[in-house]
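Note that the coordinates shown come from a computational prediction; the quantities given were computed from them, not determined experimentally.
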Amino acid sequence: ATDRAVIAEAKVRRPNVVVIQTDDQMQKDLYSYWRSPSGLMRRVMPNTIKLIGRQGLTLDRYYVSYPLCGPSRSTLLSGQYSHNNGVLNNGGKRGGWDAFRSNPIYSGNLATHLQDSGYRTIHLGKFLNGYGTLESPALQVPPGWDQWESLPTSGLYYGYALNLNGSLEGPLGDPDYGPFYGRDDPLCPDRAPTGTSCNNLTDQMTARAVDQVGTAPSNRPFYLQVDYCAPHGDFRPPIGPEPSARHYDSAFDTSLPRRLGFNEADISDKPSFLRDAATLLTQPQIATLKTEYQKTIESLRGVDDGVGRIVAELKDRRMLSNTYVIFVSDNGFFHGEHRIERSKFLPYEPSSHMPFLVRGPGIRRGTHSKELFSNADIAPTVLGAADLERSPNMDGRSMLPFWKDKRKKTRRPILLESFARDGEIGDPNAGRKLETRTGAMGRGATASITAPINNYAGVVAGQYKYVEYATGDRELYDLERDPGELKNRIRNPRYFPVRNFMIAQLDRLRACRRGACRSNADKIPPLRR
């Protein structure tokens, strides 16, 4: 037996871990409803809520520190904030795949630590922006992965290729798909006619995840990371992602929700760069947002089917009781909040406050935690679950004590940061050019950009969020009184003690490393009378 197999067999009762990650899913999308043709309102993601949330723990205050695909995913794997792991953007030398493989996290991350300890490590789906292009697919397999079934290009929902442990497979499906051609049979995958291929990317990732669980050796724990592309858009019309064929147009009668801050009437308190660029949304723009939202929730129905299948396979293999199942999104998305037509990377709640559900050993069913967590906490948490020490370079902390005691509370703040102007997001002119989400999945663009790009640093502590922008603009929000972030309190004298406290916390955290990033803050001062 290999050394890893010996290690694994010696620790066979260590739990399995399954991380299911979506792309561009805001927190509220998890709890959305769609209207059926008969007029009934149905949950978009009932399996995810029932099988993970109600059987485990919901983190009500989970944030991604830098809400952009490449930096967020790198933080998940490294346990480090972006200013420490070196992945500062989606593209360019300091972003995405190029930055990941040129920094120490390439050979020292969650996957490598788990593999070295005997875990079988499996990655399925999207990896990082810039990991291959349509013209030059990536065939390199990063260190730390035993099984690699990942997208070697920017991605499509049909006609994509897969990197299978260093060999190219595909294309799977028709790369020229459209609303009326090139898609799967609507009976895919359960009742598809004999000889029919079911290639929708979401369903393919689900089938491969189920296969990995079903063939997992019983004497070796595994870490499975399933990175769905949904609900990220592709470049095929209509705007938005390409849902599984069985769900296509199922939400045609579903309205665009007018959430807090939608088409915000007064943005005079917002940063200057947003005031200068964000006009009130027009009816044609709102109609486009409605279509994109409908395709978003239709695509999430396919992901939810996948959650159900993965959990069912774990149950059939009698693995579920010894498996942590985590559901999370890499970043959120704007659907008109604060007049932002479609975008991410800004620090507002729709972009940075993410869903996080987990079930597993020692977690009480149907519980919630109000503690602040970030994506820098995932790697140390998974290592802790595997009875491994946190890497000394990690900035995050283990969530396990909070998972097992929902009453546990601390005063650790969360850092927010963006280096969007420090490199390419979609192209060399990304700082000026506003790209639509329709270009995001294949033809050169690597991010969804219709908001002005600016660097910032911020902090969330208690009920407050404070942000400083490179432009000199500042924001302070009381999230308990103002969850829609409609009232910037930065000039309100009552909040001056809080403002000064938050400035001090940001000064402490903006360049923090390791333990300094995990330390608690002092008690937040009260408002002035």
Nearest heavy-atom pair of Pro413 and Gln505: which atoms, and what distance?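 Closest heavy-atom pair between Pro413 and Gln505: CG-OE1, 4.2 Å.
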Would you name the heavy atoms of Ser418 and Ala420 that are closest together and state the gap between them? OG-N, 3.3 Å
Would you find a donor on one side and an acceptor on the other, under 3.5 Å apart, between the side chain of [X] and the backbone of [Y]?
X      : Y      : result
Arg35  : Ser250 : no
Ser72  : Leu68  : no
Asn488 : Arg474 : yes
Gln204 : Cys198 : yes
Asp234 : Pro241 : no
Gln27  : Pro355 : no
Asp184 : Asn199 : yes
Ser255 : Pro257 : no
Asp482 : Lys487 : yes
Tyr158 : Pro171 : no

Can you confirm whether [X] sits close enough to [Y] that some side-chain heavy atom of one is under 4.5 Å from a side-chain heavy atom of the other?
X      : Y      : value
Tyr62  : Ile414 : no
Leu156 : Phe235 : yes
Pro231 : Thr22  : yes
Gln25  : Met354 : no
Phe262 : His338 : no
Tyr456 : Pro347 : yes
Asp227 : Arg73  : yes
Leu151 : Cys229 : yes

Could you go through the ring pair (Phe, Tyr, Trp, His ring centres under 6.0 Å) check for Phe402 and Phe373 one step at a time? CA-CA 10 Å; Phe402 304 88; Phe373 297 104; 5.4 Å; yes
Decide yes or no on side-chain contact (heavy atoms from CB on, under 4.5 Å) for Ile326 and Gln21, but give the supporting numbers first. CA-CA 8 Å; Ile326 297 170; Gln21 182 169 225; over 6 Å; no
Basic-acidic side-chain contact under 4.0 Å: [X], [Y]:
X      : Y      : result
Arg246 : Asp305 : yes
Glu371 : Arg397 : yes
Asp266 : Arg339 : no
Lys295 : Asp249 : yes
Glu242 : Arg183 : yes
Asp98  : Lys93  : no
Asp29  : Arg259 : yes
Glu485 : Lys465 : yes

Can [X] and [Y] be counted as having a side-chain donor-acceptor contact under 3.5 angstrom?
X      : Y      : answer
Asp478 : Tyr495 : yes
Thr288 : Gln285 : no
Glu417 : His83  : yes
Arg275 : Ser268 : no
Ser272 : Asp473 : yes

Step-by-step side-chain contact (heavy atoms from CB on, under 4.5 Å) determination, Ile453 to Phe345: CA-CA 8 Å; Ile453 301 170; Phe345 65 77; 3.7 Å; yes
Can you check side-chain contact (heavy atoms from CB on, under 4.5 Å) on Val19 and Val226, steps first, answer last? CA-CA 6 Å; Val19 174; Val226 187; over 6 Å; no
Plane angle bin for His123 and Phe127 - parallel if under 30°, tilted between 30 and 60°, otherwise perpendicular: perpendicular
Measure up the Phe356 and Trp403 rings against each other and bin them: parallel (under 30°), tilted (30 to 60°), perpendicular (over 60°). tilted
Residues which pass side chain to side chain donor-acceptor pair (under 3.5 Å) with Ser351, listed by chain and number, not counting sequence neighbours: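 Scan of Ser351 (side chain to side chain donor-acceptor pair (under 3.5 Å), adjacent residues dropped) gives none.
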Side chain to side chain donor-acceptor pair (under 3.5 Å) against Lys290, all qualifying residues, sequence neighbours excluded: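 For Lys290 there are no side chain to side chain donor-acceptor pair (under 3.5 Å) partners, ignoring immediate neighbours.
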Nearest-0.5 Å distance that lies between atom [atom1] in [X] and atom [atom2] in [Y]:
X      : Y      : atom1 : atom2 : answer
Ile20  : Met205 : CD1   : CE    : 13.5 Å
His247 : Ser299 : NE2   : OG    : 9.5 Å
Asn331 : Ser329 : CG    : OG    : 6.0 Å
Asp269 : Ile490 : CG    : CD1   : 11.0 Å
Ile297 : Thr254 : CD1   : OG1   : 4.5 Å
Ile52  : Arg359 : CD1   : CZ    : 8.0 Å

Any chance the rings of Phe100 and Tyr131 have centres within less than 6.0 Å? no
Using the side chain to side chain donor-acceptor pair (under 3.5 Å) rule, take Thr291 and Gln294 through it: C-alpha gap first, then chi angles, then the decisive distance, then the call. CA-CA 5 Å; Thr291 298; Gln294 290 168 340; 4.6 Å; no
Would you please test Arg411 and Leu372 for side-chain contact (heavy atoms from CB on, under 4.5 Å) and show each step? CA-CA 8 Å; Arg411 293 199 297 266; Leu372 277 170; over 6 Å; no
side-chain hydrogen bond (donor to acceptor under 3.5 Å, both in side chains) partner of Tyr348, chosen from His353, Glu475, Lys270: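 For Tyr348, the side-chain hydrogen bond (donor to acceptor under 3.5 Å, both in side chains) test succeeds with only one of His353, Glu475, Lys270, which is Glu475.
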Of Asn85, Asn84, Thr75, which is the lone residue that meets side-chain hydrogen bond (donor to acceptor under 3.5 Å, both in side chains) with Asp395?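 Answer after filtering Asn85, Asn84, Thr75: Asn84.
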What do you reckon, is OH of Tyr31 surrounded by more than 12 foreign heavy atoms closer than 6.0 Å?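 Yes, the 6.0 Å shell around OH holds more than 12 heavy atoms from other groups.
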Tell me whether Arg236 forms a cation-pi arrangement with Tyr177, defined as NZ or CZ under 6.0 Å from the six-membered ring centre and within 45 degrees of its axis.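 Because its charged atom sits under 6.0 Å from the ring centre and within 45° of the axis, Arg236 does stack over Tyr177.
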Derivation and outcome, ring pair (Phe, Tyr, Trp, His ring centres under 6.0 Å), residues Tyr464 and Tyr477: CA-CA 6 Å; Tyr464 301 106; Tyr477 292 104; over 10 Å; no
